[in-house]
Amino acid sequence: SFLPVGIRIGEDALHRLNAKPRELSVVFYQGEGVPCPCPADGVMLATGASPGQGTLQVAAEKSPPGTFAVVLIRPRKRGEGLKYTVPISFMPKLGQINSTIHDPLARYNAVMALPDLFTVERVK
C-alpha cells in the first residue's frame with residue numbers, strides 16, 4: 001500500500017504543475033519508523049523522475065516528527081513547486097490495507113480512495 005501513496009502524490013503534482021513525465025525533480029523524506037521508502041518508488045513511476053538522472057533523491061534526513069513522508073516536487077527548469085505531507089496517522093490504515101487486501105489492484109484502489117491522504121503547500 002506504500003507504493004500507491006507515491007503514485008497518488010506524483011499524479012497530483014503532474015496535474016497541479018501542468019507538467020509532463022520527466023519534467024519534475026523530487027526530494028523524498030521518509031518518516032521515522034516508516035519501514036521503507038516505497039512511496040518514493042511510486043512518485044518515480046508517476047513522474048518519471050529517477051535517481052539515475054539526478055531528478056529523484058531520497059534524503060538522508062528524516063521527515064519531521066508526526067509525518068509518514070514529506071515530498072518536495074519542483075519543475076526541473078525551476079519555478080514554484082509543491083510540498084506534500086503525509087501524516088503518520090495513515091500508517092495504521094496502510095498497514096491494515098496491506099494485511100487485509102491481498103489483491104494488488106484492490107490494494108492500489110483502496111489507497112487511491114483514501115480521503116485527505118496528504119496536504120499540499122506551494123513552495124518557492
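This chain uses plain numbering: 1 for the first residue, then up along the sequence.
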State whether the side chain of [X] and the backbone N or O of [Y] hold a donor-acceptor pair below 3.5 Å, judged by distance alone.
X	Y	answer
Asn98	Ser1	yes
Tyr84	Glu121	no
Arg76	Glu23	no
Arg8	Phe118	no
Thr55	Ala49	no

Point-to-point distance, once rounded to the nearest 0.5 Å, from [atom1] of [X] to [atom2] of [Y]:
X	Y	atom1	atom2	answer
Ile7	Asp41	CD1	CG	9.5 Å
Met112	Asn109	CE	CG	8.0 Å
Phe28	Gln57	CZ	CD	13.0 Å
Gln30	Thr67	CD	OG1	10.0 Å
Lys83	Thr119	NZ	OG1	8.0 Å
Asp12	Leu17	CG	CG	8.5 Å

task = Decide if the gap between the ring center of Phe68 and the ring center of Phe2 is smaller than 6.0 angstrom.
result =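 Centroid distance Phe68-Phe2: below 6.0 Å, so yes.
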
Closest heavy-atom pair and its distance - [X], [Y]:
X	Y	answer
Pro21	Leu14	N-CD2, 3.9 Å
Ala59	Val27	CB-CG1, 4.3 Å
Thr47	Gly10	CG2-CA, 3.7 Å

Close side-chain approach of [X] to [Y], heavy-atom, < 4.5 Å:
X	Y	value
Arg22	Gln53	yes
Val123	Arg74	yes
Val34	Ile88	yes
Phe90	Leu117	yes

Would Leu82 and Leu72 satisfy side chain to side chain contact (heavy atoms under 4.5 Å, CB included), going step by step from the backbone distance to the final call? CA-CA 6 Å; Leu82 301 168; Leu72 299 175; over 6 Å; no

Task: Exceeds 12 heavy-atom contacts within 6.0 angstrom, atom CG of Asn18 - done: no

